[in-house]
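Structure, as structure tokens:
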Amino acid sequence: MEKISRRRFLKGTVALGAGALLAIYSDGSFRLALAQENPAFRMRILHTNDHHARIEPVFSGNNPVHGGVSRRKALIDKIRRETAMPTLLVDAGDVFQGTLYFNQYNGMADLEFYNAMGYEAMAVGNHEFDKGPQALVDFITRAKFPVLSANISVAAGNPLAGLIKPRTIIEKDGRKIGIFSLTPEDTGVLSNAGPGITFTSAIEAARQQVAALKAEGVFTIIALTHVGINVDRQIAREVGGMSLIIGGHSHTPMGPMNNVGTPPYPELIAGPDGKPVVVVTDWEWGRWLGDITVAFNAAGTVIDLQGNPTEVLPSLPADQGFENRIAVFKGPIEQLRARVVGSAAVDLDGSRTNIRSRETNLGNLVAEAMLAKARSAGATLAITNGGGIRASIPAGPVTVGQILEVLPFGNTLALVTLTGAQVIEALNNGVSQVESGAGRFPQIAGFSFTYDPSLPAASRVTSVTVGGAPIDQNADYIVVTNNFMLTGGDGYSVFTRGRNQVDTGFILADVVEEYIAANSPVNPAVDGRIAVGAAPATTPAQPATPAQPTPATLPNTGGALTPLAWLAGLGAAALAGGAALQRSAVAEEAETAETELVEVEK
């Protein structure tokens, strides 16, 4: 019998037809029985993705928020001790890149912890190539688990030749579990794979691996992917034969991870054969531990599942052995913080009052660094929030530590395609609260604009100039920003409506460090790209745009979802169409989720 704690109790059940039953618990988790038949096999799957060298917890200022490998280790050990059924621990890629631990140890520190946690398989992410193939070679040869990708072609003679396997088979209680992995097709653009390495169609590779694993007689098949949730959904709908897709790359918070419950954890999508495919991902940085229990019938089809991911809170116990090793690794990190990367010929102004109300030379430098990094991807405009810039740098030597004080949030570069009208909407949001010193004030590169603070907040931008001409409101522009703003942070909800959204994974602080090193001594100036006043007489007034409030919670990052009502016809046939299981809207009496700011940029 399932044990229910006092804090986690059954709130109700919903009969879904075709023998399916949905049970909703007080903590937001649920259990879905798709068929009233006895399971032949049960397995509990723990999963992470997009670790990005977050060995220590994620911090807000000096306070840990969640994550950290020492608490993850203790949580995994506890679950294994308390779980009678087989467990499987996997990671969906991008262990590399994101903190100074990667800069110092090239993934080897992370690998030590991953080996000790007992990971059983890992997908190759795009950032595994950030330092070229050799760092990945070193990682794979020392890993105690298979590192997989089925859509990477490596030429003979390349150091990686023969090291990346497309699939593996892991036995659990005598059942063969087939696992294959996929890497983004555009990794050659996103990272630094180098010559002799190509990335092929993820969809075709998935079809080939399903066929190969079936031929090898596996009981069920799991796709462990690093291609993003939208591609995961496409694979679920178009490629039959899988029971689960465990993904990464899109940094999508599911269910309780984002306070709004959409997309749900897990999603349930019908494959082309009508059988359910479970789709899950675990956001990023080890903030949560993905946790799903799945039951299968004798044919290896999912008939029962229960999703219950756990936030890795600072209040959880930490593994002391890991803590001791982190202290050892941390010594050289402090030395790295003191490393001089370049110099500034002038004081770089990041004072709170100025960065949130006007153009500053440090704001220009950060935006220019972003644009320089993203030009190869087609970006022509850069917009970043002044609130993300937290300190000034005096003239003289510039250290890694100083850059991290300026940019402490670990934000990454993000790309989005906006129309000219949407760029104006974004800028209107940016200057809408300039009187109060809000962090949304934009620092920019690649264009200029004028605004009039005496106008209504939603229509203060009076002119925008790109390449010496007024912006074309109907044209498309590739904008580089940061991942916080891409998800609607600081009121930039227009970015969530843009097209071709990509979180590149490049850490903003690293990008600025690279720019300063390449251009020292840096001597940025205030050049008038942001002006205050009425528009020139030749520039037509821009249409007013309704004010966009700052979202209290992260938006849905996974695409449109349908209401829970569709579940009324659930069963194998009713899953057709791939609609997502929307658990957050089950009952009107569901408790309102508390607002939790995932990232503090005030």
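FYI, the numbering just counts along the sequence from 1. None of the values given here were measured: they were computed from a predicted structure.
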So, does [X] use its side chain to make a donor-acceptor pair with the main chain of [Y] at under 3.5 Å?
X      : Y      : result
Asp282 : Gly290 : yes
Thr384 : Ala367 : no
Lys165 : Gly162 : yes
Thr310 : Leu289 : no
Arg71  : Val312 : no
Asn297 : Gly300 : yes
Glu120 : Val90  : no
Gln501 : Thr496 : yes
Asp138 : Arg142 : no
Thr83  : Arg80  : no

Interatomic distance, [X] atom [atom1] to [Y] atom [atom2] [nearest 0.5 angstrom]:
X      : Y      : atom1 : atom2 : answer
Ile221 : Ile245 : CD1   : CD1   : 11.5 Å
Tyr515 : Met370 : OH    : CE    : 13.0 Å
Glu238 : Ile203 : CD    : CD1   : 4.5 Å
Gln306 : Arg42  : CD    : CZ    : 9.0 Å
His47  : Tyr119 : NE2   : OH    : 10.0 Å
Gln320 : Lys73  : CD    : NZ    : 12.0 Å

Using a 4.5 Å cut-off on heavy atoms from C-beta on, say whether the side chain of [Y] contacts that of [X].
X      : Y      : value
Met242 : Ile235 : yes
Glu185 : Val231 : no
Pro256 : Trp288 : yes
Asn230 : Ser250 : no
Ile179 : Ile246 : no
Ile79  : Arg44  : yes
Val294 : Ser243 : no
Tyr105 : Glu112 : no

Checking side-chain polar atoms at under 3.5 Å, does [X] have a donor or acceptor matched by the opposite partner on [Y]?
X      : Y      : answer
Asp110 : His51  : yes
Asn483 : Asn411 : yes
Asp503 : Thr412 : yes
Asn151 : Ser149 : yes
Thr252 : Thr281 : no

Item to complete: Quick one: do Asp91 and Thr48 satisfy side chain to side chain donor-acceptor pair (under 3.5 Å)? Show the steps, please.
Response: CA-CA 5 Å; Asp91 186 275; Thr48 52; 2.6 Å; yes

Which residues pass the side chain to side chain contact (heavy atoms under 4.5 Å, CB included) test with [X], not counting sequence neighbours?
X      : answer
Thr417 : Asp476, Ile478, Arg499, Asn500
Asp94  : Asp50, His52, Asn126, His127, Glu128, His226
Pro159 : Gln134, Val137
Ala414 : Thr481, Leu486

Exercise for the section: Any chance you could lay out the side-chain contact (heavy atoms from CB on, under 4.5 Å) test for Phe129 and Ile152, step after step, and finish with the verdict? Expected result: CA-CA 12 Å; Phe129 292 96; Ile152 298 177; 3.9 Å; yes

ring-ring contact (aromatic ring centres under 6.0 Å, His included) pairs touching residues 141-172, sequence neighbours excluded, are none

Residues at least two apart in sequence or cross-chain that pass ring-ring contact (aromatic ring centres under 6.0 Å, His included) with Phe96, listed by chain then number, are Phe102, Phe139

Which atom names give the shortest non-hydrogen contact between [X] and [Y], and what distance separates them?
X      : Y      : answer
Val210 : Gly240 : CG1-O, 3.4 Å
Lys131 : Asn106 : NZ-OD1, 2.6 Å
Thr225 : Ala123 : C-CB, 4.5 Å
Ala509 : Leu404 : CB-CD2, 3.8 Å
Pro57  : Pro64  : CB-CB, 4.0 Å
Tyr265 : Met257 : CD1-CE, 4.0 Å

Criterion side-chain contact (heavy atoms from CB on, under 4.5 Å) on Ile164 and Thr183, from CA distance to verdict: CA-CA 11 Å; Ile164 300 175; Thr183 302; over 6 Å; no

**Asked** Yes or no on side-chain contact (heavy atoms from CB on, under 4.5 Å) for Ile222 and Leu88, after CA distance, side-chain angles and deciding distance?
**Response** CA-CA 11 Å; Ile222 297 172; Leu88 175 68; 3.9 Å; yes

* Asked: Are Asp77 and Arg81 ion-paired here, with the side-chain N under 4.0 Å from a carboxylate O?
  -> no

Quiz prompt | Pair Lys176 + Glu216, salt bridge at N-O below 4.0 Å | solution = no

Please step through side-chain contact (heavy atoms from CB on, under 4.5 Å) for the pair Arg54 and Arg72, ending with a clear verdict.
CA-CA 11 Å; Arg54 257 59 181 201; Arg72 192 195 310 179; 5.9 Å; no

Q. Phe113 and Tyr101: aromatic ring centres closer than 6.0 Å?
A. no

Is it true that atom NZ of Lys172 has more than 12 heavy atoms of other residues, nucleotides or ligands lying nearer than 6.0 Å?
yes

